[in-house]
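Chain letters run A, B, ... following the sequence lines, proteins first, then strands; residues in each count from 1. Keep in mind that this is a model prediction, so the values were computed, not measured.
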Amino acid sequence: MTVVWSFLHKLGSPRWFYRISSQWLPWLSFLAVGLLAWGCTWGLAYAPPDAVQGNSFRIIYIHVPAAFVSLAGYYAMAGAGVVSLVWRIKLADVALRAGAGVGAAMTFCALVTGSIWGKPTWGTWWVWDARITSMLVLLFLYLGVMALYEAFESRETAARACAVLSLVGTVNIPIIYKSVDWWYSLHQPATIRLTGAPTMHPDMFHPLVVTILGFYLLYLVLLLLRMRAEVLEREQKSRWVEDLALGRGLAAEPGG
Amino acid sequence: MSAGTGPAWLEIARRDLLIAFRRRAEAANPLVFLLIVAALFPLGVGPAPQELSRIAPGVVWVAALLASLLSTDMLFRSDFDDGSLEQIVRSPSPLYATALAKMAVHWLVSGCPISLVSPVVAGLLYLPAAAMPALLFSMLLGTVTLSLVGGIGAALTVGLRKGGLLLSLLILPLYVPVLVFGSAAVDAAAHGLPWHSELAILGGFALLAVTLAPLAAAAALRINLDS
Amino acid sequence: MSAGTGPAWLEIARRDLLIAFRRRAEAANPLVFLLIVAALFPLGVGPAPQELSRIAPGVVWVAALLASLLSTDMLFRSDFDDGSLEQIVRSPSPLYATALAKMAVHWLVSGCPISLVSPVVAGLLYLPAAAMPALLFSMLLGTVTLSLVGGIGAALTVGLRKGGLLLSLLILPLYVPVLVFGSAAVDAAAHGLPWHSELAILGGFALLAVTLAPLAAAAALRINLDS
Amino acid sequence: MPLFEACDLRCERDERVLFEGLSFTLAPGEIVQILGPNGAGKTTLLRAVAGLSTRVSGEMYWNGAALPGSRWEFLRETLYLGHDAAVKPGLTPFENLRWHAGLWGRTTSIGIEGALGAVGLARHRDTPAQHLSAGQRRRIALARLLLSPARFWILDEPFTAIDLEGVSQVESLVAAHAAAGGVVLLTTHHRLSLDCRFRQVALESGALA
Amino acid sequence: MPLFEACDLRCERDERVLFEGLSFTLAPGEIVQILGPNGAGKTTLLRAVAGLSTRVSGEMYWNGAALPGSRWEFLRETLYLGHDAAVKPGLTPFENLRWHAGLWGRTTSIGIEGALGAVGLARHRDTPAQHLSAGQRRRIALARLLLSPARFWILDEPFTAIDLEGVSQVESLVAAHAAAGGVVLLTTHHRLSLDCRFRQVALESGALA
Ligand code: HEM
Ligand SMILES: Nc1ncnc2c1ncn2[C@@H]1O[C@H](COP(=O)(O)OP(=O)(O)OP(=O)(O)O)[C@@H](O)[C@H]1O
Ligand SMILES: Nc1ncnc2c1ncn2[C@@H]1O[C@H](COP(=O)(O)OP(=O)(O)OP(=O)(O)O)[C@@H](O)[C@H]1O
Ligand SMILES: [Mg+2]
Ligand SMILES: [Mg+2]
């Protein structure tokens, strides 16, 4: 138990986080960029064109990873919310806020790439399809968390309120997804369907797996970058940030 | 003693009802709002009956969503502003029960009357009479969820003086399932199809909300007080 | 001296802009609200593009009306609550100018951005591209009137802590002319008809509102202070 | 044994330490006045003692039991009167007090009418509170002191807006409560003139530079 | 000649006469304190004098000219500090005062920084007001006394939430203002201890029964 506690305590230390993340970031970024470059070149240059859609399908290597990550990102954010509510760890507050921003960006990316893809495929930018609509609602949920955070003056209060909201959201996301799915099948016969996954050729599928992994890492890198910026802003008056700003580097923490 | 005899949450509900009764002229506000918003549509969309009748379920439900949302705004706000909330949180009654009681009163003075007049509003938009029972019952069940989920938003924003806009951003996305199944029930009834499964699902939402929403609202209230 | 150099109304406008800038994250709220309300309609009405495209002008205008209305609520409220309004009324600058300045700032931070994103929202509802210029310009002119007329309502209800509902009842009926001509302009453009006369009428409304609304608002503010 | 005990309280706000190593006890019959200039942290401290804020670290005991644990017994025994009076403008003084009494489920034997008379609001019994003056509204809140059976009073500037006669009346209420074995923790910028002994705890602060 | 003159003021609220036949004058250098128990009508009177309320009948003169007529000159020469402090929670003390100064278009030579220092808020210059304590927020409003060139001060309970040191500071401000030829009309439930003479006008009232 004490081991867990001291670990959690250390995790709570912004300075420790800053130091460790400095060590990890180069590796993570390298991996993320490498995977993305590999997956994209493979997917864009070497994978065979789609029988129906020709080359326009290649946007899938951005679209699908972004969509995956944005959903997972919401649960990650809510997880940070739980940690923040239960253990009151400042770093979880930071992660919550950063997660909302990065998650909203990913969702937006999925929506935009989807729209771009929709134009040649469906002849229209936007369709009120179940999955797309629930993606839009997910974006609203992210924006709601961001707006709530900004509305509070006190950071701690903001983070805890956002934690409650994101937890409410996690209960609701499956419900929203299911209900929108249901709504679609009720109102409109299936004139349009997302093509792909089950029948996807392995040559198209393997690069997709690589870019999905790459996107998860990219998410992590962006999250860490935003968290570091926020940590610096919060701790701007503390000694270690001052040392950092003066180019004195970051000494190991006493006992850390 | 003339003091209340029941538990504290009952006393709180009684006071809220008393205040609502004091201002009974205001009770009509959500209804009039519903009517006005519904009336804006023929003005904006055009008066063709068929078209209106087709969009009627959706329009009435969206208007009800907004009316419920706007009346939620003050659910905890006035108690927060005058310090009553501090006393409520410190009272021997669990905050869960108090929050639930306040949400129940809110439903009684807004959701319930909204449901009762919604058939009238729908009639103005040429909704076929066959769909009226479905509208009434889906409204009665759906507004329960609206009041409860709206209460979470009201509790989250209680310390902020930002008006209803922020609340809408937080809560409207969460209202989506109720909107979907509510308007689906009415649509089904208008086409002569059975609509009981939709009603059952709305009931499920309401049950889920009754158990979870007061918890979230209580947590949000505590957070806002401790700022 | 570091004190402001212009007349008092300029200082008041500057402070309102400063507060808006402090909370620039909130500036997005009316926009997101517009998007959400617009998204509710396909959910309630169904996703068929033709139908949506037909009701799009009305839906976008109604959503803009509501977004403008909800953000109006706080126009004078916070100044009333903290006593600033007493000081404004007692300042050497005429209340007419002050009220106009506050309304102008309100348009700048809500009506103007709402107008600018309305084409995007309309696009989601399949409004034809040909109608977009009409939408944009009618919105830019129409929201001026909305901000001004909404300001009257905000001034009338400033002393009452009733949330946005009462305000909606007072103001939405007054918004009707803007709604009618605004959506008519868009509708006309969507059908390839000329839409300049509607725009001219909207311009006339805006001019009328600029001259009269601050007067009414100033009177309403005085009445509310002297209670 | 002290009824209430606070050990080593500490509060930091906006990177500034408001108080630190603050300890005090309240044995039955004791009155403690928290002293300090504006911004010293008096309200922050009282809200933490009342269980409304978690911004203060340290230990607190009620009747010997550590506090977050024995929270319910503690809340049942304490009355908190904050900057905001918890008076609903739309309700009459009588209705306001009935609500407060109902929140607790029990009252002292004086009754609501009696309490209203004692604070000089008998003739305003049925006037909505929004038609009362600032001091009259505050008096409604003070009537709760008469009605509540709580043993621990936490009073944050109870004399705000109260006239001289009212101040001395409240002072004698406080003294009588202590004489009956209750405990009182209060802040005020008035010079207290109580008939009994009371202790003062100063919050040192550089708030005023 | 008196700077301000009130003749035969009368106010009735809710079918109850608050005051009647009330007359007083303020010659340059004079200070008048309105006395009365809670609910006597002090706030009502001060708001009427400040031109914010029309609920009081009777005549008022500024510099010899009847009041509703010479309203603009009067407003330019008076400073009103009411129960509500006109302090925006979202703005810093500096921004709040800049706004007040801008509203008037002119300030005294002390400057905003100087005024903030004088009321002990120098180090909170850039803290949003909502992060300040009740007394500190009130001090922002009191800084207006230093900034405004007005000759007539109307102060409604200026000492609310202010600590003892602050009270004596405001008292000396008031005395200095009178000494410089200004006039002050104020209410407070504190026992005023001014270095100069001042008059008291009592509102008789049965409010406390
Ligand atoms: C704005 C428009 C769009 C949005 C918001 C969107 C959203 C999504 C989402 C959320 C997923 C991931 C679902 C999951 O996690 O299983 C997804 C997957 C996918 N999308 Fe889209 N999409 C859009 C447009 C399109 C278009 C136009 C196409 C191609 C015709 C397309 C093809 C796919 C494919 C093939 C998948 C992978 C399917 C699977 O693995 O189950 N999307 N999209
Ligand atoms: N809005 C109102 N409507 C009706 N009556 C009111 C209103 N405000 C005050 N009154 C009545 O006017 C009387 C005087 O109120 P006022 O606020 O002037 O008192 P005050 O002398 O300032 O008291 P305090 O010392 O408590 O501030 C009160 O008895 C109250 O009943
Ligand atoms: N919401 C808040 N956020 C951040 N800091 C705050 C907040 N409220 C108060 N503070 C800070 O805490 C300090 C103490 O405030 P508190 O209200 O406890 O003072 P106080 O002793 O009650 O003063 P007063 O005599 O003016 O009532 C103040 O200096 C203020 O700067
Ligand atoms: Mg205090
Ligand atoms: Mg008064």
Given D/Trp99 and B/Ile88, is the side chain to side chain contact (heavy atoms under 4.5 Å, CB included) satisfied, shown in steps? CA-CA 10 Å; D/Trp99 180 74; B/Ile88 290 174; 3.7 Å; yes
How would you list, in number order, the residues of residues 43-53 of chain D that have a heavy atom less than 4.5 Å from chain B? D/Arg47, D/Ala50, D/Leu52, D/Ser53
So, does B/Glu86 use its side chain to make a donor-acceptor pair with the main chain of D/Ala85 at under 3.5 Å?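 No; judged by distance alone, with no hydrogens or angles, the pair does not exist.
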Is it the side chain or the backbone of [X] that comes within 4.5 Å of chain B heavy atoms, both, or neither?
X	answer
D/Arg137	neither
D/Arg55	both
D/Trp72	side chain
D/His100	side chain

List the atom of D/Arg71, the atom of B/Val89, and the distance in Å for their closest heavy-atom pair.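 In this case the closest contact between D/Arg71 and B/Val89 is NH2-O, 4.2 Å.
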Correct closest heavy-atom pair for B/Gln87 and D/Tyr80 would be NE2-O, 2.8 Å
Report yes if some heavy atom in the side chain of D/Lys88 is under 4.5 Å from a heavy atom in the side chain of B/Asp79; otherwise report no.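 Counting from C-beta outward, D/Lys88 and B/Asp79 do come under 4.5 Å.
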Please flag which part of B/Leu85 lies under 4.5 Å from any non-hydrogen atom of chain D: side chain, backbone, both or neither. neither
Which bit of B/Ser78 is near chain D, if near means a heavy-atom gap under 4.5 Å: side chain, backbone, both or neither?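 Looking at B/Ser78, backbone and side chain both touch chain D.
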In terms of heavy-atom pairs under 4.5 Å with chain B, which of D/Leu147, D/Asp84, D/Leu103, D/Leu75 leads?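 Option with the top pair count is D/Leu103.
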